[in-house]
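Positions are given from 1 along the sequence.
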Amino acid sequence: MADAKIFEQSLYPYQRHPDQDAVMPVRHPVIVIGAGPVGLTTAIDLGLQGVPLVVLDDNDRVSTGSRAICFAKRPLEIFDRLGCGQEMVDKGVVWNVGKVFMGDRQVYEFNLLPETGHRRPAFINLQQYYVEQMLLDRLRALQGQGAPIDLRGKSRVSAIGQHDDHATVEIDTPEGSYDLEAEWLIACDGAGSPTREMLGHDFVGRVFEDNFLIADVTMQADFPTERWFWFDPPFNPGQSALLHKQPDGVWRIDLQLGWDIDKTEEKKPENVIPRIKAMLGDDVPFELEWVSVYTFQCRRMERFRHGRVIFAGDSAHQVSPFGARGANSGIQDADNLCWKLKLVLDGAAPENLIDSYDTERVHGAEENILNSTRSTDFITPKSEISRLFRDAALSLSEQHDFARPFVNSGRLSVPCTYDKSALNSEDAMPDGPRRTRPGSPCPDAPIGDGFLLDRLGGRFTVLAIGAVAEPVQEGPTSADLLHFPAEGPLAERYGQGVYLIRPDQHVAARWEGFDAESIRTAIRRATGNQR
């Protein structure tokens with residue numbers, strides 16, 4: 001069980017700041033609202049790039065309860081770039097395999113990362129409070145190295161104003177309120193986002209008519225480190241269930257409850273414990289660590305940018321927990337936004353580059369919502385025909401490969417490919433691998449005693465494979481050079497040719513050979529300087 005100190009200790013206590021005594025509101029380049037995983041990721045990314053920013057949070061410590069637990073390969077790679085991925089993998093439970101059951105029998109299993117030669121696994125399970133703790137540790141380390149990050153606890157934003165070139169915020173503290181200004185305001189304040197409410201925006205999408213009990217229990221069990229999902233299990237007939245292992249002997253259990261329930265009653269230990277015993281058996285001792293009841297929601301804001309206010313993470317979009325898309329997509333929001341914001345603040349890109357964040361991450365949210373909705377419809381059929389189809393797919397999947405793609409116990413998080421993005425240069429590479437087309441996230445590959453993504457870092461890069469190339473400068477933006485031979489795992493995954501890689505490690509363009517002018521044109525497009 002997690003050390004109680006992690007919940008009790010004030011990790012970023014309130015301290016009076018000189019801004020509170022200023023005659024006029026002080027203006028900062030960036031203000032981030034919320035110190036959860038997305039807000040902290042945003043702060044670290046911008047801080048690493050030397051962008052001065054303030055993080056405001058109405059709390060002063062990490063969140064309680066596991067909340068998000070499944071962190072996917074791509075966010076782990078982002079955390080590697082930010083300097084805190086290894087700690088998470090070391091603490092987390094690594095897994096690639098999942099199993100699906102119908103009733104009390106296994107119908108099939110799957111491996112989410114069958115290909116070798118990647119630094120990171122498909123997933124780790126790690127409680128959100130540990131992720132927040134590790135992000136805070138990284139932020140503090142950067143502050144010690146001079147990074148311009150100011151984290152202010154017990155600082156609740158109570159009002160927001162919009163202007164042509166900045167936003168204003170009113171902040172409530174234990175010593176009264178004061179005002180600040182921000183050239184850019186980033187709202188990472190969660191699904192119930194007060195920022196969204198203050199600006200009068202709402203979600204569009206669906207709320208599903210079902211409820212799920214989520215329970216984190218501490219126990220000693222010999223279940224393997226795999227994702228187990230049941231349809232119509234004997235311990236929860238007619239419903240579904242999910243089991244996941246976490247660190248410290250904590251296990252995540254999800255049990256479908258149905259629609260017509262009393263949420264308050266269902267969360268009481270005297271009602272939760274019998275359900276857990278029915279699943280585990282009376283002879284398995286356990287303790288409840290955290291309990292909640294949730295309803296599936298697949299919704300998003302129509303736009304993620306509103307003037308000088310940008311929304312990221314759950315404040316911008318919500319999906320059902322099955323598929324582990326919530327925190328993972330929010331971290332990718334930050335990854336997409338921060339390099340663009342840096343270029344705009346430096347005057348190296350026009351302000352409309354921020355609009356590409358809206359376009360690309362709305363596309364990502366739509367993809368997640370589509371997959372999450374399909375998962376929810378499969379898990380909770382809304383008609384007898386849908387239920388018959390689901391049960392037939394499950395029965396056939398036990399013996400027949402063709403039926404397994406129809407089984408949907410939560411299509412698990414994968415990184416978004418920004419097809420048709422205005423930042424892509426669609427130069428042809430005949431017979432180029434589809435997985436490395438413009439807009440796609442770069443697949444990792446072993447390079448000597450390391451890995452490709454570690455070498456890419458967070459800058460524009462010319463990646464030459466079996467081709468002669470050189471670094472390229474276009475205005476204030478430079479592209480580093482990485483050169484590799486046309487053999488080995490990297491060449492197998494990318495083919496022979498030349499790539500322009502964005503700072504967020506997505507492919508911007510690719511060619512058969514090196515052409516400096518084509519690369520300069522692609523840089524202009526990828527930075528919003530050519531439309």
query: So, do V284 and M219 sit near enough that their side-chain heavy atoms are less than 4.5 Å apart?
result: yes
Residues D172 and R156 bridged, charged N to O under 4.0 Å:
yes
- Message: Salt bridge check, E360 against R502: does any charged N sit closer than 4.0 Å to a carboxylate O?
- Response: yes
Pair E77 + R119: basic N to acidic O under 4.0 Å
no
### Task
Indicate whether the side chain of Y418 and that of D504 have a donor and an acceptor atom separated by less than 3.5 Å.
no
Margin query: Can you confirm if the aromatic rings of F286 and W251 lie within a centre distance of less than 6.0 Å?
Written below: no
Within a reach of under 6.0 Å around CD of Q106, are more than 12 heavy atoms found that belong to other residues, nucleotides or ligands? yes
- [ ] Considering only NZ, NE, NH1 and NH2 on the basic side and carboxylate oxygens on the acidic side, decide whether D80 and R120 come within less than 4.0 Å.
- [x] yes
query = Any luck finding a side-chain donor-acceptor pair between Y14 and E175 under 3.5 Å?
reply = yes
What one should report as the nearest heavy-atom pair of P174 and K154 is CD-O, 3.4 Å
Do Q318 and R300 have side chains that approach each other closer than 4.5 Å (heavy atoms only, starting at C-beta)? no
_Under a 3.5 Å threshold, yes or no: a donor from one side chain and an acceptor from the other, between N125 and W95?_
yes
query: Distance only, no hydrogens: is a donor on one side chain within 3.5 Å (strictly under) of an acceptor on the other, for D57 and Y12?
result: yes
May I ask you to check whether H244 and W228 place their ring centres under 6.0 Å from each other?
no
Would you say that D335 contacts I331 through its side chain, given a criterion of any heavy-atom pair below 4.5 Å between the two side chains?
no
Exercise. Taking the side chain as C-beta and beyond, is there a heavy-atom pair between Q239 and D232 under 4.5 Å?
Worked result: no
Paired with L46, the side-chain contact (heavy atoms from CB on, under 4.5 Å) test is passed by just one of L337, V30, V55, namely V30
- Query: Taking the six-membered ring for Trp, are F101 and W230 parallel (under 30°), tilted (30 to 60°) or perpendicular (over 60°)?
  - Reply: parallel
Could you check D248 against T218 for side chain to side chain contact (heavy atoms under 4.5 Å, CB included), going step by step and ending with a plain yes or no? CA-CA 8 Å; D248 305 328; T218 304; over 6 Å; no
Notebook entry, point to check: Are the charged groups of R493 and D444 less than 4.0 angstrom apart, N to O?
Noted result: no
NZ/NE/NH1/NH2 to OD/OE distance under 4.0 Å, K268 and E265: yes
Does the side chain of R138 pick up a donor-acceptor pair with the side chain of Q143 at under 3.5 Å? no
Residues P247 and L126: closest non-hydrogen pair is CG-CD1, 3.9 Å
* Heavy-atom side-chain proximity of I447 to R455 below 4.5 angstrom -> yes
Notebook entry, point to check: Under 3.5 Å, is there a donor-acceptor pair linking the side chains of D45 and Q49?
Noted result: yes
Check whether any side-chain heavy atom of C442 lies under 4.5 Å from a side-chain heavy atom of V507, and answer yes or no. yes
*Side-chain heavy-atom pair N211, K263 within 4.5 angstrom cut-off*: yes
Open item on the list: Using modelled atom types and a 3.5 Å cut-off, is there a donor and acceptor pairing between side-chain atoms of N328 and backbone atoms of C70?
Closed with: yes
Any chance CD of E115 has more than 12 other-residue heavy atoms, nucleotides or ligands included, within less than 6.0 Å? yes
Determine whether D150 and R152 satisfy the following criterion, side chain to side chain contact (heavy atoms under 4.5 Å, CB included), listing intermediate values before the conclusion. CA-CA 6 Å; D150 184 0; R152 304 183 190 179; 2.8 Å; yes
Could you tell me whether E132 and R61 have a side-chain N and a carboxylate O separated by less than 4.0 Å?
no
Check the side chains of H506 and N336 for a donor-acceptor pair under 3.5 angstrom, ignoring hydrogens and angles. no
**Prompt:** Any chance the rings of F304 and F311 have centres within less than 6.0 Å?
**Reply:** no
Shortest non-hydrogen pair, D60 vs P13, comes out as CB-CA, 4.2 Å
Nearest heavy-atom approach of A187 to S315 is O-OG, 2.8 Å
For this session: Using a strict cut-off of less than 4.0 Å between a Lys/Arg side-chain nitrogen and an Asp/Glu carboxylate oxygen, indicate whether D401 and R404 qualify as a salt bridge.
Result: yes
Donor-acceptor contact below 3.5 Å, side chain N236 vs main chain Q256: yes
query: Distance only, no hydrogens: is a donor on one side chain within 3.5 Å (strictly under) of an acceptor on the other, for D216 and Q246?
result: yes
Practice item. State whether the number of non-hydrogen atoms from other residues, nucleotides or ligands found under 6.0 Å of D260 atom CG is greater than 12. Key: no
H317 and R299: side-chain donor and acceptor closer than 3.5 Å? no
task: For the residue pair Q332 and R361, confirm or rule out a side-chain donor-acceptor distance under 3.5 Å.
output: no
task = Report yes if some heavy atom in the side chain of V32 is under 4.5 Å from a heavy atom in the side chain of L56; otherwise report no.
result = no
